[in-house]
Student: 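Let me begin by handing over the structure; questions about it come next.
Residue numbers begin at 1 in each chain, while the letters A, B, ... track the order of the sequences.
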Number of protein chains: 2
Amino acid sequence: MTARDTRERILDHAERLFAEQGFDRASLRSITDAAEVNLAAVNYHFGSKADLLGAVLERRIGPINAERIRLLDQAAEEAKPELPRLRTVLECFLRPAVEMLGDVDPTILMGLGRILHERGEEARGHFDRLFANVAERFLILARICPELAPEEIHARFHFMIGAMLHSTVQVGPAKARPRPVDPELRLAQLLAFVEADFIAPPAKRESKGIELQPEESSS
Amino acid sequence: MTARDTRERILDHAERLFAEQGFDRASLRSITDAAEVNLAAVNYHFGSKADLLGAVLERRIGPINAERIRLLDQAAEEAKPELPRLRTVLECFLRPAVEMLGDVDPTILMGLGRILHERGEEARGHFDRLFANVAERFLILARICPELAPEEIHARFHFMIGAMLHSTVQVGPAKARPRPVDPELRLAQLLAFVEADFIAPPAKRESKGIELQPEESSS
DNA sequence: GTCTATAGTAAGATAGAC
DNA sequence: GTCTATCTTACTATAGAC
């Protein structure tokens, strides 16, 4: 077995087990046992359990974010000397995720999405690092929506990311979750939702979007 | 300090720490330190960490479910010899939660809601136990919606519970979450959403309700 | 790069004195 | 009921042979 095999095998099973059980409950032993590699290989290749999670997320999200930037550059080029339309920019953000994650087991997507919530502050580090480039490039939104203050743009961008993550956390029995949906349809729905969020006037965003079902709980 | 104080103090701080950090990361030691009680008191009063979580959930959800059943009995009595209206029954389910949780710190509600997701199978036991009575009584929905198969009723009921839990998992930076919303407004919104879910024709429930933002992820 | 063996830590649980 | 002290277990991480 080559070193590359070992690395990939660890990543594959770490991803699955993190998603299935959460970061804390998935032990390195269970991961290396499943991957049929030695326990010490994790620290050799990744340094620590936290960095292993980082690598897992990087492998999924990195290519998506690279594609986002590629599409955005292309859209900006085509629109010159104007700015691209809001919807176009949002599509540059959403399309790579919908397309590149379409074939991934939804259970894994849900699980990884949950992990980014689960461990607020610790995951925040991974999160910020992974999205640093994308967030910076998509500041073009500030020029497309000049009526929104920078903090407002920032909040809405985070809201958009959050809505995507949020929507991964499916609830109820598995069979109640209808599965295959046409990717273009999904993209259109998501786009409509997110665009509405960006078009909304500043301030006073109480009863909109995902807030439509107000916070409620545990019962 | 009386025994009752000890019990309540443990429950208070366990609830907070479970909500803030999740079940696994909140250690019994951190809980007993915060509550200023002895470590062994947890096992004395609750038996185990898992049972402590059960008691925390019971304390919040138990009274709500009791009130749900009380309201449903009352509605059924008033409607005799007819069946109560669908909306009335759903309101019997939703109102106690909205009213009785209105004053609870949203952070705690979110945290507890997340825990019920977080640890799928383990939490499922608590979940089923806590909702057993309520689920049984609300089978009256099957008679009110005779066009829906029993499994369909069951799925939609779970979907309703899930939607409530789901909506607790707020995302994005804390300041982006607008807070105080009029309870009656929240109830009305939630009711509209849930009623729409129940009124929908059988099968083919793909692009409705919370599914409106399709499953998507990690990016 | 891979392995064995183990150090070091933190956790849940409990026995037994008071 | 409460406390101290301890048992047992599981984990991450690493040192060092190969």
Student: When you measure from the side chain of A:Ser27, which nucleotide among D:dC11, D:dA13, C:dG12 comes out closest?
Tutor: D:dC11

Student: Pick base, sugar-phosphate or nothing for B:Ala40, based on heavy-atom distances below 4.0 Å to the nucleic acid.
Tutor: base

Student: Considering only D:dT2, C:dG1, C:dA13, which nucleotide approaches the side chain of B:His45 most closely?
Tutor: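 In terms of side-chain proximity for B:His45, the closest of D:dT2, C:dG1, C:dA13 is D:dT2.
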
Student: Round to the nearest Å and state the distance from A:Leu28 atom CG to C:dC3 atom C1'.
Tutor: 16 Å

Student: When the distance from CG of B:Asn43 to P of D:dC3 is rounded to whole Å, what number comes out?
Tutor: 14 Å

Student: Going by an N to O cut-off under 4.0 Å, is there a salt bridge joining B:Arg59 and B:Glu8?
Tutor: yes

Student: Report the distance from atom CG of B:Asp33 to atom P of C:dA10, rounded to the nearest whole Å.
Tutor: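 In whole Å, C:dA10 P lies 13 Å from B:Asp33 CG.
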
Student: Less than 4.0 angstrom from a charged side-chain N to a carboxylate O is my criterion; do A:Glu184 and A:Arg95 meet it?
Tutor: yes

Student: When you get a sec, tell me which of D:dT6, D:dC3, D:dG1 is the closest nucleotide to the side chain of B:Arg29?
Tutor: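 Of D:dT6, D:dC3, D:dG1, D:dT6 is nearest to the side chain of B:Arg29.
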
Student: What is the separation between atom CG on A:Asp24 and atom P on D:dA10, rounded to the nearest whole Å?
Tutor: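 So the two atoms are 17 Å apart, to the nearest Å.
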
Student: When the distance from CD1 of A:Ile10 to P of D:dA13 is rounded to whole Å, what number comes out?
Tutor: 13 Å

Student: About how many Å separate CG of A:Leu148 and CZ of A:Arg156, when rounded to the nearest 0.5 Å?
Tutor: 4.5 Å

Student: Find the distance A:Leu39:CG to C:dA7:P and express it as a whole number of Å.
Tutor: 16 Å

Student: Less than 4.0 Å between a side-chain N and a carboxylate O, is that true for A:Arg16 and A:Asp105?
Tutor: no

Student: To the nearest Å, how far apart are B:Tyr44 OH and D:dT2 C1'?
Tutor: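 Atom-to-atom, B:Tyr44 to D:dT2, this comes out as 9 Å.
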
Student: Can you identify which nucleotide, out of D:dA15, D:dA13, C:dA13, has its nearest atom closest to the B:Lys49 side chain?
Tutor: C:dA13

Student: Reckon B:Asn38 has a side-chain N or O less than 4.0 Å from the OP1 or OP2 of D:dT4?
Tutor: yes

Student: For B:Asp103, look at atom CG and say whether over 12 heavy atoms of other residues, nucleotides or ligands are found less than 6.0 Å away.
Tutor: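 Not more than 12 within 6.0 Å, no.
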
Student: Is A:Thr6 close enough to C:dT2 that one of its side-chain N or O atoms is under 4.0 Å from OP1 or OP2 there?
Tutor: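 Yes, A:Thr6 has a side-chain N/O under 4.0 Å of OP1/OP2 on C:dT2.
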
Student: Taking CD1 from B:Ile31 and P from C:dA11, how many angstroms apart are they, rounded to a whole number?
Tutor: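 My rounded result for the distance is 11 Å.
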
